Colleague: 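Have a look at this one before I ask anything.
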Amino acid sequence: MTLPIAWAAAREAVFEAGSAAAPGPIPVPLAESDGLTLAAPLVTLTDLPAFPTSSVDGWAARGPAPWRIVGQVLAGDTAAPLTEDGTCVEIATGGMVPVGTATIVRVEDSTIADGAVTGEPRRLPDWREQGEEAAAGEELLPAGTPVTPGVIGLAASCGYDTLTCRPAPRAALLVFGDELLTTGTPGAGRVRDALGPSLPSWLRRAGTEVMHTRVPVADTLEEHVAALRAAIDAGAQLICTTGGTMHGPVDHLHPALAELGATYVVNTVAVRPGFPMLVARLPGGQFVAGLPGNPQSTFVALVSLVLPLLAGLTGRPMPALGTVTLGADVPGRGDFTHLALVTLAGGRAHPVAHVGSSMLRGLANSVGFAVIPPGAEGHEGTVAQLVTLLDGERS
């Protein structure tokens, strides 16, 4: 009988295992880097801006008004210096500010008469100084930062064509269970599979490339072993399975792992719901995350083990826990950590209904899991840690 490991210790164990197995960094074109992870700090290749630029359409002028017009600077032009007082150039937004400029007067604040410009500049300068946003060589983002469209735009503005990233882990999903239907409504002793359609989306949002799915896998040892081998052959670095993590008459995951020569990183976690969960490593270096078959328990195992493992594999920090103030009492679960689904109302976290292990209605209406430590109760008005659910953005 395997004794369960504490929930916090399990998270650390799989994160460390993933970090030790993280693949080396590769250069990735900017347009292909969304959702990956920076493997090196993002450092400016130049000052930002690289030269003083006008933030308005107007006149770059030297000396007191009136100013004689001696040229024009459009965005993309190299500006000649202003060398005489009483002169100006027409300048477009984004245009390079000429050396010698004392002020910029907006078009709407100026008048032109007899070929000369007069007007009053605003109190604050209407141009961006060289290096105002960042100096050349300054670190903008650390290694381990998820690449988002904002990161891509920042990198492009610095002059990058590629980013040094950790490659996205390739993931497979195997859903065990003879009782599962993949289409239509449940009935006659069979239930509709909810995990085959939903888990790949969660895995993609966690930064993986889901490249192999099999639903359902028959409840025999031979089919379990064959399905795992097929996922390995397809190139999966992470194989998520659902169901079969207990030791009942149709639970074949543990014997299948033994036949493949796997070693356990974590085998059973002291958390409710979701108790029978595991992460094992195969001789070829692939990870198998064994998730319970009951849907809510599956997602408890996902946030408990899979997301920390993927953080390690992608070079990201351990997923941080948030905090919430409880708006109602939340029971403990004895010696187990209780992950209780909550929603936010009035700035406080309230438990939701429909949170049985086989239910998904509560999950769909939640912001995450409030963490109630072993041997404790959650009391209204106290602060609890929060495991947030993935939002709509790839992280």
Side-chain angles (χ1 to χ4, degrees), residues 4 7 10 173-182 184-203 215-216 219 240-251 253 268-278 289-307 324 326-345 348-380 384-390:
W7 180 74
L173 172 63
L174 308 177
V175 179
F176 300 147
D178 291 335
E179 76 281 10
L180 299 176
L181 294 170
T182 57
T185 56
R190 303 187 71 187
V191 297
R192 179 65 189 270
D193 167 46
L195 300 176
S198 59
L199 269 176
S201 297
W202 285 66
L203 292 171
V215 183
D219 284 327
C240 287
T241 69
T242 70
T245 54
M246 295 289 282
H247 296 277
V250 293
D251 294 322
L253 180 57
T268 73
V269 181
V271 63
R272 295 288 190 184
F275 171 63
M277 63 178 74
L278 64 90
L291 315 180
N294 276 323
Q296 190 195 152
S297 295
T298 299
F299 293 114
V300 169
L302 183 82
V303 301
S304 299
L305 296 183
V306 177
L307 298 190
V324 289
L326 297 177
D329 291 345
V330 179
R333 298 296 291 267
D335 294 334
F336 289 72
T337 296
H338 182 197
L339 295 192
L341 286 169
V342 293
T343 189
L344 294 179
R348 294 195 170 195
H350 297 263
V352 300
H354 310 291
V355 293
S357 290
S358 63
M359 299 179 182
L360 286 173
R361 183 174 173 181
L363 185 84
N365 287 288
S366 302
V367 296
F369 299 92
V371 181
I372 310 302
E377 304 281 332
H379 297 291
E380 181 180 357
Q385 291 182 312
L386 179 74
V387 182
T388 56
L389 298 176
L390 292 170

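Keep in mind it's a predicted model, so treat the numbers as computed, not measured. Note that these values count all heavy atoms, side chains included, but never hydrogens, waters or copies made by symmetry.
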Colleague: Taking all heavy atoms of Gly332 and all of Glu377, pick out the closest pair and write down the distance.
Modeller: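 Between these two residues, the closest heavy atoms are N-OE1, 3.0 Å.
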Colleague: Let me know which of Leu180, Leu199, Leu174 forms a side chain to side chain contact (heavy atoms under 4.5 Å, CB included) with Thr242.
Modeller: Leu199
Colleague: So, do Asp178 and Val250 sit near enough that their side-chain heavy atoms are less than 4.5 Å apart?
Modeller: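 They are not in side-chain contact.
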Colleague: Just do the side chain to side chain contact (heavy atoms under 4.5 Å, CB included) check on Val191 and Leu181 with the steps written out, would you?
Modeller: CA-CA 6 Å; Val191 297; Leu181 294 170; over 6 Å; no
Colleague: Supply the atom-to-atom distance Leu341 CG to His350 NE2, rounded to the nearest 0.5 angstrom.
Modeller: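 Here the interatomic distance stands at 15.0 Å.
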Colleague: Drop me the distance from Ser297's OG to Met277's CE, to the nearest 0.5 angstrom.
Modeller: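 If we round to the nearest 0.5 Å, Ser297:OG and Met277:CE are 7.5 Å apart.
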Colleague: Mark yes or no for whether Thr298, through its side chain, and Pro292, through its backbone, hold a donor-acceptor pair below 3.5 Å.
Modeller: yes
Colleague: Got a second to check how far Ile372's CD1 is from Phe336's CZ, nearest 0.5 Å?
Modeller: 16.0 Å
Colleague: What is the minimum heavy-atom distance between Leu326 and Ala370, and which atoms define it?
Modeller: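 Where Leu326 meets Ala370 most closely, the heavy atoms are CD2-CB, 4.2 Å.
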Colleague: Restricting to non-hydrogen atoms, name the atom on Pro200 and the atom on Gly196 that form the minimum distance, rounded to 0.1 Å.
Modeller: CD-O, 3.0 Å
Colleague: Any side-chain heavy-atom pair from Leu195 and Val215 closer than 4.5 angstrom?
Modeller: no
Colleague: Apply side chain to side chain contact (heavy atoms under 4.5 Å, CB included) to Val324 and Val367, showing your working.
Modeller: CA-CA 11 Å; Val324 289; Val367 296; over 6 Å; no
Colleague: For the residue pair Leu363 and Phe369, establish whether any side-chain heavy-atom pair is separated by less than 4.5 Å.
Modeller: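 Side-chain contact under 4.5 Å: yes.
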Colleague: Measuring from atom CG of Leu291 to atom CZ of Phe176, what distance do you get when rounded to the nearest 0.5 angstrom?
Modeller: 10.0 Å
Colleague: Answer yes or no: is there a side-chain heavy-atom contact under 4.5 Å between Thr337 and Pro374?
Modeller: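 Yes, at least one pair of side-chain atoms sits under 4.5 Å.
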Colleague: Keeping the roles fixed (side chain from His354, backbone from Met359), state whether a donor-acceptor pair exists under 3.5 Å.
Modeller: no
Colleague: Considering all heavy atoms of both residues, which atom of Ser198 and which atom of Phe299 are nearest to each other, and what is their separation?
Modeller: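 Scanning both residues completely, I find the closest heavy atoms to be OG-CZ, 3.6 Å.
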Colleague: Would you check if the side chain of Asn294 reaches a backbone N or O of Gln296 as a donor-acceptor pair within less than 3.5 Å?
Modeller: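 Such a contact is absent between Asn294 side chain and Gln296 backbone.
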Colleague: Quick one, Val387 and Leu307 - any side-chain contact, counting heavy atoms below 4.5 Å?
Modeller: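 When only atoms from C-beta onward are counted, Leu307 and Val387 do not touch, as no gap falls below 4.5 Å.
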Colleague: Let's go through Trp202 and Val306 carefully: what are the C-alpha distance in whole Å and the side-chain angles of both, what is the deciding distance for side chain to side chain contact (heavy atoms under 4.5 Å, CB included) to 0.1 Å, and is it a yes or a no?
Modeller: CA-CA 10 Å; Trp202 285 66; Val306 177; over 6 Å; no
Colleague: Roughly how far, to the nearest 0.5 Å, is the CZ atom of Arg192 from the CD atom of Glu179?
Modeller: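 Glu179 CD to Arg192 CZ: 14.0 Å, rounded to 0.5 Å.
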Colleague: Return the minimal non-hydrogen interatomic distance between Asp251 and Thr245, and the atom names on each side.
Modeller: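 For Asp251 and Thr245, the tightest heavy-atom pair comes out as OD1-N, 4.4 Å.
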Colleague: Considering non-hydrogen atoms only, spot the tightest contact between Val269 and Phe275 and give its length.
Modeller: O-CD1, 3.2 Å
